[in-house]
Number of protein chains: 2
Amino acid sequence: MGTHAKVLKAGQMSLAKPTFPAPDHDHGRCTAEAMTHAEQVCARRAQKFTPIRRQVLQALLSSHRPLGAYEVIDELAKSMPRPAPITVYRALDFLMANGLVHRIESRNAFLACAHDHDETSMVAFLICDHCGSVGEIPAAPVAQSLTAAARASGFVPKLSVVEIAGTCAHCRK
Amino acid sequence: MGTHAKVLKAGQMSLAKPTFPAPDHDHGRCTAEAMTHAEQVCARRAQKFTPIRRQVLQALLSSHRPLGAYEVIDELAKSMPRPAPITVYRALDFLMANGLVHRIESRNAFLACAHDHDETSMVAFLICDHCGSVGEIPAAPVAQSLTAAARASGFVPKLSVVEIAGTCAHCRK
DNA sequence: CGGAATTCGTAAGCAAGCTTATTATATCCC
DNA sequence: GGGATATAATAAGCTTGCTTACGAATTCCG
Ligand SMILES: [Zn+2]
Ligand SMILES: [Zn+2]
Ligand SMILES: [Zn+2]
Ligand SMILES: [Zn+2]
């Protein structure tokens, strides 16, 4: 793994984007930046960013909602012969392994991620019940107290799932 | 709802059991206590603790692991004609509505709970990757900081899922 | 008792998530 | 070039999670 510590040093996330992009934001640019980010990550890690992997990521980027595997298939089917499940699962596995996609456990769904977070640092997902958008917030401080509480009972935490359902700012007004 | 505040006042959980019961604990007693607890809860709330509901809870209590709906069916099938999915789902719904069972979102599975926690107070689940046991810890303090962090981005949290995977004390040695 | 409400059983079906197996393409590297 | 490796396509199928529909049984209650 390369040392991209420079980017991370500033904080848990390098991109100072709003947690929930406004409904009228420039999503084209939003997507483009995410793709560029993915290209950089793959280049840095000497991983192949193949067409399908690219297209699956593109599909996930089509919204700020997490998509189920079959939703991804449906999305891809719009611009290519309908891919088989195995095809997108492979791509999803790749994207997750490289930190470009998160799995939202409570929804069995997948979410594109353009953040540059440390693999060990915990994130929390805010899931809007209304529009379905999902925002990420750094949860390092929370993680500490959680980890402390867990360790108190002799438990050694590895991976945390913190998913919070509610209503996002844009859907509230 | 009855006011059973007396029991709760002492803390988030009334039962001072270890988070993860030792492998050699008296599970018979453990189960019996949980059943008694369930009976009391149902009596207090004037709910009917029917045979199936009892048996489904019993099945969940057979281990300290969360079981998927079909695992529950398999478990029940050992001692009665194999019940249909709808049957156990109905029972599970009842048990969850009465706080006797939790749903573990990240596993699509159900966990018996003999704790007496306030419905609004948040709990975190510690899931052991090795033995599959799940422990509960009160997460009220954590919840507060989480909620604060979420609100900072305009998000209004309703329901939280905090599920932490790792290794339990008994599996570590 | 007898009607209403709750609970349960039976039957069927569907969608989502994911896998296995096998063959075909690329791609890498010597 | 050519063999090894990684990636992808094809085809099929399985499991799990959950639902709908409807009729039978039980319980509640006046
Ligand atoms: Zn966007
Ligand atoms: Zn929203
Ligand atoms: Zn036990
Ligand atoms: Zn364990």
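A, B, ... follow the sequence lines: proteins, then strands. Residue 1 opens every chain. Only heavy atoms go into these numbers, but all of them, side chains included; no hydrogens, no water, no symmetry mates.
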Q) If you take all heavy atoms of Ala112(A) and Val101(A), which pair is closest and at what distance? A)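 Minimum heavy-atom separation between Ala112(A) and Val101(A): CA-CG2, 4.2 Å.
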Between [X] and [N], is there a contact of a side-chain N or O with OP1 or OP2 at under 4.0 Å?
{"X": "Arg103(B)", "N": "dC18(D)", "value": "yes"}
{"X": "Arg82(A)", "N": "dA11(D)", "value": "no"}
{"X": "Tyr89(A)", "N": "dC18(C)", "value": "yes"}

Q: Can you figure out which of dA8(D), dG17(D), dT7(C) approaches the side chain of Asn108(B) most closely?
A: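 Looking only at heavy atoms from C-beta outward on Asn108(B), the closest nucleotide is dG17(D).
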(Q) Checking contacts here: which listed nucleotide (dT16(D), dG17(C), dC8(C)) is nearest the side-chain heavy atoms of Ile52(B)? (A)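 Given the options dT16(D), dG17(C), dC8(C), the side chain of Ile52(B) is closest to dC8(C).
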(Q) On DNA chain C, does the nearest nucleotide to Pro85(A) precede the nearest nucleotide to Arg90(A) from the 5' side, or the other way round? Give the residue. (A)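 The 5'-side residue here is Pro85(A).
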Quick one: [X] [atom1] to [N] [atom2], roughly how many Å, whole number?
{"X": "Phe110(B)", "N": "dG17(D)", "atom1": "CZ", "atom2": "C1'", "result": "8 Å"}
{"X": "Asp93(A)", "N": "dC18(C)", "atom1": "CG", "atom2": "P", "result": "9 Å"}
{"X": "Gln47(B)", "N": "dC28(D)", "atom1": "CD", "atom2": "C1'", "result": "14 Å"}
{"X": "Asn98(A)", "N": "dT7(D)", "atom1": "CG", "atom2": "P", "result": "10 Å"}
{"X": "Leu67(A)", "N": "dC18(C)", "atom1": "CG", "atom2": "P", "result": "14 Å"}
{"X": "Arg107(A)", "N": "dG17(D)", "atom1": "CZ", "atom2": "C1'", "result": "16 Å"}
{"X": "Arg54(A)", "N": "dT7(D)", "atom1": "CZ", "atom2": "P", "result": "15 Å"}
{"X": "Asp74(A)", "N": "dA16(C)", "atom1": "CG", "atom2": "C1'", "result": "11 Å"}

Q. Do Phe110(B) and His102(B) have ring centres separated by under 6.0 Å?
A.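 Ring centres of His102(B) and Phe110(B) not closer than 6.0 Å.
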Q: Find which nucleotide of DNA chain D each of Pro51(A) and Lys48(B) is nearest to by heavy atoms, and output the residue with the more 5' nucleotide.
A: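 That would be Pro51(A).
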Q: Using heavy atoms to find the nearest nucleotide of DNA chain D for Thr87(A) and Ile86(B) separately, return the residue whose nucleotide is more 5′.
A: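 Counting from the 5' end, the first nearest nucleotide belongs to Thr87(A).
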Q) If you look at every strand shown and take non-hydrogen atoms under 4.0 Å, does Ala84(B) touch a base, only sugar-phosphate, or nothing? A)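 Since a base atom lies under 4.0 Å of Ala84(B), the category is base.
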Q. Can we say Arg103(B) and Glu105(B) salt-bridge, meaning some charged N sits less than 4.0 Å from an Asp/Glu carboxylate O?
A.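 Looking at Glu105(B) together with Arg103(B), the answer is yes, because their closest N to O distance falls below 4.0 Å.
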Q. Is Arg107(B) salt-bridged to Glu163(B), cutoff N-O under 4.0 Å?
A.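 Not counted as a salt bridge, because no side-chain N and carboxylate O are separated by less than 4.0 Å.
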Q. Would His130(B) and His170(B) count as having a side-chain donor-acceptor pair, cut-off 3.5 Å?
A.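 No, no side-chain donor-acceptor contact under 3.5 Å.
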